[in-house]
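Working notes, beginning with the structure itself.
All values reported here derive from a predicted model rather than from experimental measurement. Positions are given from 1, in the same order as the sequence printed here.
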Amino acid sequence: MSQQTDQIFDLFIVGGGINGVGIARDAIGRGFSVYLAEKDDLASGTSSGSTKLIHGGLRYLEHYEFNLVRKALMEREVLWKMAPHIVHPLRFVLPHHKGLRPTWLLRLGLFLYDYIGGRKLLPATKKLNLKTHAAGQPIKDDFTTGFEYSDCWVDDARLVVLNAVDARERGAVIETRQQVVKTNKVDGIWEVDVKDVLTGDVKTIKSKLVVNATGPWVDHFLNATGKGSNIQNVRLVQGSHVIVKKLYDHDRCYIFQNEDGRIIFAIPYENDFTMIGTTDHDFTGNPDDAGITREEAEYICKSASEYFKKEITADEAVWEFSGVRPLYNDGASKAQEATRDYVLRLDGEEGEAKMLNIFGGKITTYRRLAEAAMEEIETVLGTKKPEWTMGATLPGGDFAHNGREDLAARIKSAHNYLPDEMITRWVRSYGTYAFNILKNVSSLADMGEHFGGTLYAAEVDYLMKEEFAVTAEDVLYRRSKQGLIFNSDAEEKLASYMIAKRS
């Protein structure tokens with residue numbers, strides 16, 4: 001079935017990753033009309049495959065990416081304050097490896113890291129004696145000296161979802177499982193055919209400007225819209241991670257140097273696990289098919305085992321994931337040397353409908369990228385309202401940057417029948433929006449069917465109604481992470497429930 005609407009949107013955004021939803025949120029808040037189409041689920045590609053850090057990128061200093069690092073460092077505390085439920089500070093321990101970078105170089109890098117980004121809330125770097133400090137206990141006795149510095153954690157998939165929720169609450173049209181199948185320019189206006197992946201229905205959306213925020217598919221989309229053939233604006237680099245059972249009891253993270261020049265993180269993950277990664281190698285093929293290779297998993301585990309007393313093997317992984325990063329193709333010889341900064345390009349002749357293409361970018365600087373994108377968009381569509389996202393909280397983030405415990409106490413006081421584990425997870429997932437899920441709930445029985453872990457029907461219903469969730473995978477692996485503790489029977493039970501709910 002084919003439909004057409006007479007409405008002409010200011011922006012048609014292709015792609016529901018962090019850049020697409022970030023631009024949608026910023027644009028709708030400035031008074032522009034927005035339609036966003038995502039062919040799968042929000043954050044189903046690169047944006048849920050990151051190392052889940054809001055960070056400057058200590059290793060980028062070696063490649064003289066000072067502007068990128070400074071820009072990213074300045075965003076750490078901005079994002080922490082606008083989303084204190086899904087962002088929190090971390091302390092990273094960098095053991096000194098005597099055969100690699102010298103102590104003076106580490107000190108210099110960390111000094112720059114501390115002072116070029118306007119740090120105010122995060123604690124400064126300090127030296128550690130790993131023979132006596134708790135951070136030295138799980139790692140080999142060869143490592144006696146370390147340095148501890150600050151960065152932040154983010155639930156990357158939830159960051160995407162909350163930007164989309166905010167954009168929709170402000171008036172944007174956000175639709176998932178909608179694939180762009182054809183684009184055409186008619187009298188200075190884009191006509192975009194969008195196919196509903198679930199029903200097969202096709203509709204035509206009109207827009208003054210198209211934003212190509214398709215991440216690793218950016219060149220493919222350009223080819224498909226007739227902008228050329230065999231375009232190679234981006235260099236696809238795959239990064240993979242493994243999740244293993246918790247390797248240590250404290251709350252610090254590790255950053256390990258490898259002899260090949262790369263670094264590996266080990267980060268506490270979802271209370272009972274440790275996340276280790278990432279890799280950096282060039283990727284060819286369809287990003288839809290990307291998945292961790294056995295070679296990558298073994299590399300990650302071997303690299304971590306160089307430092308941890310306990311040897312880690314790839315067979316111990318309880319979950320693995322990969323993301324394909326669309327780095328701007330700057331001609332760097334090694335994947336880890338390619339720039340992580342973003343490049344924006346506005347295409348289109350004078351008088352014809354234009355397309356803004358987004359190349360590269362990082363989770364950390366997505367808000368800044370959106371502001372830069374709006375500058376380009378306003379050269380075409382004019383200015384309506386000023387920039388506004390600095391200091392504007394994301395849905396559920398309207399509480400103090402260090403107020404998680406107070407919020408948990410508020411929820412417990414009003415709903416003392418909820419398990420503490422559930423309240424903790426909800427605070428760092430939904431923030432004050434947890435009360436929206438509990439609007440008509442006065443007992444655990446009111447939460448409805450229990451699927452496993454701390455996942456009940458009331459939360460699933462909320463995710464389907466308010467957060468664009470369609471499948472069990474959307475709920476378990478992007479919005480709640482409960483998939484880490486679910487078995488196949490529990491997953492099937494949830495899937496059946498959601499299918500029945502949709503029909």
*Under the ring-ring contact (aromatic ring centres under 6.0 Å, His included) rule, collect the residues that match up with Tyr342, sequence neighbours excluded.*
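Tyr342 satisfies ring-ring contact (aromatic ring centres under 6.0 Å, His included) with no residue once adjacent residues are dropped.
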Should [X] and [Y] count as an ion pair when the cut-off is N to O under 4.0 Å?
X	Y	answer
Asp26	Arg368	no
Glu77	Arg119	no
Arg425	Glu421	no
Lys52	Asp155	no
Arg177	Asp41	yes
Asp141	Lys309	yes
Arg294	Glu298	yes

Given 3.5 Å as the limit, does a donor-acceptor pair link the side chain of [X] with the main chain of [Y], or not?
X	Y	value
Thr274	Leu247	yes
Glu38	Gly16	yes
Ser305	Ile312	yes

Output the distance between atom [atom1] ([X]) and atom [atom2] ([Y]), rounded to the nearest 0.5 Å.
X	Y	atom1	atom2	value
Arg25	Asp166	CZ	CG	4.5 Å
Ile243	Glu316	CD1	CD	13.5 Å
Asn19	Phe359	CG	CZ	12.0 Å
Leu79	Leu159	CG	CG	7.0 Å
Tyr433	Glu467	OH	CD	10.0 Å

Side chains of [X] and [Y]: is there a donor and an acceptor less than 3.5 Å apart?
X	Y	value
Asp114	Thr125	yes
Asp398	Thr432	yes
Arg367	Thr389	yes
Asn163	Tyr366	yes
Tyr497	Asp461	yes
His220	Thr214	no
Tyr299	Asp260	yes
Ser50	Asp156	yes
Glu296	Thr279	yes

Report all side-chain donor-acceptor pairs from residues 264-273 shorter than 3.5 Å, counting only partners two or more places apart or in another chain.
unit_1: Glu270; atom_1: OE1; unit_2: Arg428; atom_2: NH2; d: 3.3
unit_1: Glu270; atom_1: OE2; unit_2: Arg428; atom_2: NH1; d: 3.3

*Can you say whether the rings of Phe92 and Tyr149 are parallel (under 30°), tilted (30 to 60°) or perpendicular (over 60°)?*
parallel
_Are there over 12 heavy-atom neighbours, none belonging to Glu295, within less than 6.0 Å of that residue's CD?_
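Count not over threshold, so no.
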*Does Tyr417 OH have over 12 foreign heavy atoms under 6.0 Å away?*
yes
*Between Tyr254 and Phe308, is the gap from one ring center to the other below 6.0 Å?*
yes
*In a check of side chain to side chain donor-acceptor pair (under 3.5 Å) between Gln257 and each of His97, Arg59, Arg101, which one passes?*
Arg101
*asked:* Test side-chain contact (heavy atoms from CB on, under 4.5 Å) on Asp151 and Tyr113; report intermediate values, then the result.
replied: CA-CA 10 Å; Asp151 264 326; Tyr113 208 71; 2.7 Å; yes
_Against the six-membered ring of Trp319, is Lys481 placed for a cation-pi contact (under 6.0 Å from the centre, within 45° of the normal)?_
no
_Test log, rule side-chain contact (heavy atoms from CB on, under 4.5 Å), inputs Arg345 and Asn233_ = CA-CA 10 Å; Arg345 192 183 74 210; Asn233 294 292; 3.1 Å; yes
